[in-house]
Amino acid sequence: MRDRESVLIRTLKQSGATFGIGDDGVEIGAYIIANDAFFEDVHFRFAWADLESLVEKCFLVNLSDIYAMNAIPRFALLTLCLPRTFKEVAKLARIIGNCAKKHKIQIIGGDTLVGEKLHFSLTLLGQRGRKNLSRKGIKRGDMLGYITPSSVLTLCQTQSLGKNTRHLREALRFHKHTKIPKNTRFAKPILYPKMLFALNPIAKAGMDISDGIFMELSRLSANNRVGFRLLRSRGEWLYSPEEYQMLYAIEKRNLKRMQRVAAKFRHQFVPFAVAIRGKYSLNKKNWHC
């Protein structure tokens, strides 16, 4: 199965009408700008969670992109498509406002329209840091690893990377009769920006894991013209979607340092692959393609 997003991006680039496409965000002046959509019946269903949880995840999905590029979120443009039968507009506005204040973001504009389903589109502007982190810069011999909580204080039982596949399967099968537990990473990923700001300068490249590591590896392979040799047996850690944890590429000599810094925040840096000559290709379909 071809990654349709990659096909779209590649074709747009060939048109000569693009700038900066292919990363978690793009640097424009003093800001990193990132956009992500959150659509009903594509990314979520109303049966899965309450309105507060849906709005919170919409913000977290976008915040993850900004943190992944080592920037601090400042402003947002919000576009909403409201269902024709939606009666809780004032409640939704209050929830969005509270969520923006919670994450210290100011909403500076956007658009609102009426349609058949609830759709969010959020564009975040983040103040760029001293060193931007992008998806490029991986060389043969570099190690790839992901971040996952390692303590009950960071909810390792429910927030560890790799558990989302089970929750997603259950939700898709029984979505009319069950909600996804609020403490799971699929319902509400917990982000640790202070940890990321400590880890980002050590890494050579990085990105947030949204579609599953197996999908992200294909993108990193194309961007860096390298292949990857897995150091772990394939499992749910490779395919689990909607994680919004970081995937990092580091030099081998920085492995212990990366692990020490992660441990200070009660997390693990788990190496799972090494960059090699060649190309990495997909062997599984993305869940919402």
Side-chain angles (χ1 to χ4, degrees), residues 24-25 31-129 149 153-155 158-159 164 167 171 175 178-197 208-210 242-246 265:
D24 286 307
Y31 291 94
I32 299 294
I33 303 173
N35 172 271
D36 222 329
F38 199 55
F39 281 16
E40 183 182 355
D41 288 339
V42 178
H43 303 96
F44 72 89
R45 293 175 179 171
F46 269 117
W48 292 359
D50 56 33
L51 197 56
E52 288 87 349
S53 298
L54 294 176
V55 170
E56 178 77 2
K57 185 170 181 180
C58 175
F59 272 83
L60 292 172
V61 164
N62 285 271
L63 285 165
S64 182
D65 284 335
I66 295 295
Y67 294 142
M69 295 193 71
N70 205 40
I72 300 172
R74 298 297 191 197
F75 306 104
L77 293 163
L78 175 65
T79 295
L80 281 175
C81 177
L82 299 173
R84 300 179 189 280
T85 57
F86 192 78
K87 304 297 184 182
E88 300 179 290
V89 176
K91 178 181 178 181
L92 177 61
R94 287 192 293 270
I95 293 170
I96 291 172
N98 290 337
C99 196
K101 287 192 292 184
K102 174 183 176 180
H103 296 290
K104 300 180 180 179
I105 298 167
Q106 290 183 300
I107 298 175
I108 58 174
D111 196 11
T112 305
L113 58 150
V114 177
E116 298 303 319
K117 298 179 180 180
L118 180 63
H119 298 335
F120 301 88
S121 181
L122 197 63
T123 300
L124 286 187
L125 287 76
Q127 186 176 342
R128 58 189 293 268
L153 297 177
T154 48
L155 305 181
T158 55
Q159 289 278 319
N164 281 354
H167 295 300
H175 69 276
T178 185
K179 291 184 181 294
I180 299 174
K182 286 187 176 182
N183 61 350
T184 63
R185 192 158 193 85
F186 188 81
K188 185 179 179 180
I190 299 176
L191 307 181
Y192 293 88
K194 289 184 179 179
M195 176 182 68
L196 300 185
F197 291 147
D208 79 329
I209 304 166
S210 57
E242 303 283 329
E243 290 288 347
Y244 304 106
Q245 287 280 24
M246 280 297 292
F265 294 89

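- Ile105 and Ala76 get closest at one heavy-atom pair: CG2-CB, 3.6 Å.
- Side chains of Tyr192 and Thr154 form a contact here, defined as non-hydrogen atoms less than 4.5 Å apart.
- For the atom pair SG of Cys99 and CG of Leu63, the computed distance is 7.5 Å after rounding to the nearest 0.5 Å.
- A side chain to side chain contact (heavy atoms under 4.5 Å, CB included) with Thr112 is found for exactly one of Val89, Leu82, Leu78, namely Leu82.
- To the nearest 0.5 angstrom, Leu196 atom CG is 7.5 Å from Leu191 atom CG.
- Side-chain N or O atoms of Gln159 include none that pairs as donor or acceptor with a backbone N or O of Pro189 at under 3.5 Å.
- Here the closest heavy-atom approach between residue Asn35 and residue Asn62 is recorded as C-OD1, 3.7 Å.
- The only member of Met246, Glu243, Glu242 that meets side chain to side chain contact (heavy atoms under 4.5 Å, CB included) when paired with Ile209 is Glu243.
- To the nearest 0.5 Å, atoms CD (Glu56) and NE2 (His103) are separated by 4.0 Å.
- The cationic group of Lys57 lies under 6.0 Å from the six-membered ring centre of Phe186 and within 45° of the ring axis, placing it in a cation-pi geometry.
- Between Ala71 and Ile32, the closest heavy-atom pair is CB-CG1, 3.8 Å.
- Considering Pro149, Ser64, Ser210 as possible partners of Gln245, the one that fulfils the side chain to side chain contact (heavy atoms under 4.5 Å, CB included) test is Pro149.
- Closest approach of Ala34 and Gly25 over heavy atoms only: CB-CA, 4.1 Å.
- Applying ring pair (Phe, Tyr, Trp, His ring centres under 6.0 Å) to His119 and the options Phe86, Phe39, Phe38 leaves one that passes, Phe39.
- Counting all heavy atoms, side chain and backbone alike, Pro83 lies closest to Glu40 at CG-OE1, 4.5 Å.
- Taking the side chain as every heavy atom from C-beta outward, Leu124 and Ile33 never approach each other to under 4.5 Å.
- Annotation: side chain of Leu92 is in contact with side chain of Leu51 (closest heavy-atom distance under 4.5 Å).
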Legend entry - Ile96 and Phe59: CA distance, side-chain angles, deciding distance, side-chain contact (heavy atoms from CB on, under 4.5 Å) verdict: CA-CA 9 Å; Ile96 291 172; Phe59 272 83; 4.2 Å; yes
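- Between Arg185 atom CZ and Ile190 atom CD1 the span is 7.0 Å, to the nearest 0.5 Å.
- Put simply, the side chain of Asp36 does not reach to within 4.5 Å of the side chain of Phe120, judged on heavy atoms.
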Inset, instruction - Would you check, one step at a time, whether the test ring-ring contact (aromatic ring centres under 6.0 Å, His included) holds for Tyr67 with Phe197? - result: CA-CA 8 Å; Tyr67 294 142; Phe197 291 147; 5.8 Å; yes
Inset, instruction - Show the numbers, then the answer: is there a side-chain contact (heavy atoms from CB on, under 4.5 Å) between Ile108 and Leu77? - result: CA-CA 6 Å; Ile108 58 174; Leu77 293 163; 3.8 Å; yes
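- Between Ser53 and Lys188, the closest side-chain pair of non-hydrogen atoms is not below 4.5 Å.
- Looking at heavy atoms from C-beta onward, Leu60 lies out of side-chain contact with Tyr244 at the 4.5 angstrom threshold.
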Legend entry - Audit row: Leu118, Phe46, side-chain contact (heavy atoms from CB on, under 4.5 Å) steps and yes/no: CA-CA 9 Å; Leu118 180 63; Phe46 269 117; 3.5 Å; yes
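- Note: Phe75 CZ to Lys104 NZ = 14.0 Å, rounded to the nearest 0.5 Å.
- Here the shortest heavy-atom pairing between Ala68 and Asp208 reads CB-N, 3.9 Å.
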Legend entry - Worked check of side-chain contact (heavy atoms from CB on, under 4.5 Å) between Arg74 and Gln106: CA-CA 6 Å; Arg74 298 297 191 197; Gln106 290 183 300; over 6 Å; no
